[in-house]
Amino acid sequence: MSDAVVQKKASMTRQRAGGRSITPASMDEDYRQYHFSPGFEAGGFLFISGQTGVDGNGEVPQEPSEQARCAFEKIGAVLSEAGLEFEDILSITSHHVGDVTTIFDWFPAVKDTFLSPPYPAWTAIGVSGLAIPGVIIEISAIARSSH
């Protein structure tokens with residue numbers, strides 16, 4: 001069995017408090033280094049940790065809309081690992097560095113490429129900063145789980 005398959009199987013068996021960690025193989029390093037689950041499934045729900053606008057190469061795109069796309073793609077990876085889709089999302093919370101009132105010029109268009117009617121609940125919050133320099137968006141979500 002390859003290391004990737006072993007890691008994937010190990011990620012699916014992490015359990016606590018009547019639930020289980022959901023960790024796509026692409027996020028296993030974050031799980032081990034920063035000690036958090038990208039997703040946690042319990043009580044019929046999948047709680048997706050904040051996903052930042054860092055691309056697959058670890059780079060921070062300059063364009064806010066590109067950062068949002070990267071964050072939504074990571075949310076998609078967690079959903080997929082749990083056997084869910086974007087249609088299963090009930091709520092999202094987006095954290096934006098700077099003046100949150102300016103996001104309406106670009107964020108809804110990106111969001112709507114991933115989420116369709118009926119739209120989930122959405123809370124947008126302005127923050128002074130995020131954990132990774134240059135990152136200006138972080139998105140968390142709650143989805144309905146089939147488990």
Side-chain angles (χ1 to χ4, degrees), residues 4 7-8 10-12 14-147:
Q7 283 182 343
K8 183 172 182 177
S11 71
M12 294 302 292
R14 296 176 180 138
Q15 296 186 8
R16 75 178 288 126
R20 66 185 182 123
S21 173
I22 303 296
T23 307
S26 62
M27 298 178 187
D28 197 56
E29 180 65 27
D30 290 337
Y31 177 89
R32 289 185 278 120
Q33 184 174 359
Y34 301 112
H35 307 149
F36 77 95
S37 295
F40 199 87
E41 192 172 55
F45 296 96
L46 174 64
F47 301 89
I48 301 174
S49 295
Q51 301 299 315
T52 60
V54 177
D55 71 16
N57 297 320
E59 301 294 321
V60 178
Q62 292 299 308
E63 286 297 315
S65 59
E66 184 64 13
Q67 284 194 31
R69 186 191 61 74
C70 291
F72 275 112
E73 287 176 351
K74 290 179 186 177
I75 287 170
V78 177
L79 288 166
S80 178
E81 186 72 21
L84 301 175
E85 299 178 2
F86 280 99
E87 291 78 23
D88 296 310
I89 290 178
L90 304 172
S91 177
I92 66 167
T93 300
S94 56
H95 299 83
H96 304 266
V97 174
D99 182 1
V100 72
T101 63
T102 65
I103 69 164
F104 296 103
D105 295 335
W106 59 270
F107 187 76
V110 176
K111 179 176 66 68
D112 292 351
T113 64
F114 293 91
L115 302 169
S116 58
Y119 296 110
W122 171 36
T123 301
I125 300 171
V127 298
S128 62
L130 295 168
I132 300 170
V135 171
I136 61 167
I137 189 163
E138 184 170 323
I139 306 168
S140 60
I142 300 170
R144 177 192 51 190
S145 171
S146 59
H147 301 289

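Predicted model, so just to flag it, every value in this text is computed and none were measured. Values reported hereafter were calculated over all heavy atoms of this structure, with side chains retained and with hydrogens, waters and symmetry mates removed.
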Shortest non-hydrogen pair, Ile142 vs Phe45, comes out as CG2-CD2, 4.1 Å
Indicate yes or no for a side-chain donor-acceptor contact from Gln51 to the backbone of Ser49 under 3.5 Å, with no hydrogens or angles considered.
yes
Is there a donor-acceptor pair closer than 3.5 Å between any side-chain N or O of Asp88 and the backbone N or O of Glu85?
yes
Between Ala143 and Leu79 the two heavy atoms that sit nearest each other are CB-CD2, 3.9 Å
Residues Gly53 and Val135: closest non-hydrogen pair is N-CG1, 4.0 Å
Heavy-atom nearest pair, Phe86 first then Phe72, reads CZ-O, 3.2 Å
Those residues at least two apart in sequence (or on a different chain) that pass side-chain contact (heavy atoms from CB on, under 4.5 Å) with Glu59 are Asp55, Asn57
Sorted by chain and number, sequence neighbours left out, ring pair (Phe, Tyr, Trp, His ring centres under 6.0 Å) with His96 holds for Phe107
Of all heavy-atom pairs linking Gln67 and Gly134, the shortest is NE2-O, 3.2 Å
Taking C-beta and beyond as the side chain, do Val127 and Glu138 meet within less than 4.5 Å on heavy atoms? no
Practice item. Decide yes or no on side chain to side chain contact (heavy atoms under 4.5 Å, CB included) for Ile75 and Ile92, but give the supporting numbers first. Key: CA-CA 10 Å; Ile75 287 170; Ile92 66 167; 5.6 Å; no
Here the gap from Leu84 atom CG to Ile48 atom CD1, rounded to the nearest 0.5 Å, amounts to 8.0 Å
In terms of heavy-atom contacts, Ile89 and Pro120 come closest through O-CB, 3.5 Å
dist Glu41:CD -> Ile22:CD1 (nearest 0.5 Å) comes out at 4.5 Å
Side chain Thr123, main chain Thr93, donor-acceptor under 3.5 Å: no
Value for NE2 (His95) from OG1 (Thr52), rounded to nearest 0.5 Å, stands at 12.5 Å
Rounded to the nearest 0.5 Å, the OG atom of Ser37 sits from the CZ atom of Arg20 at a distance of 11.0 Å
Original post:
Is there a donor-acceptor contact under 3.5 Å from the side chain of Lys74 to the main chain of Met27?
Top reply: no
**Message:** A side-chain contact here means heavy atoms from C-beta on lying under 4.5 Å apart; do Pro24 and Pro38 qualify?
**Reply:** yes
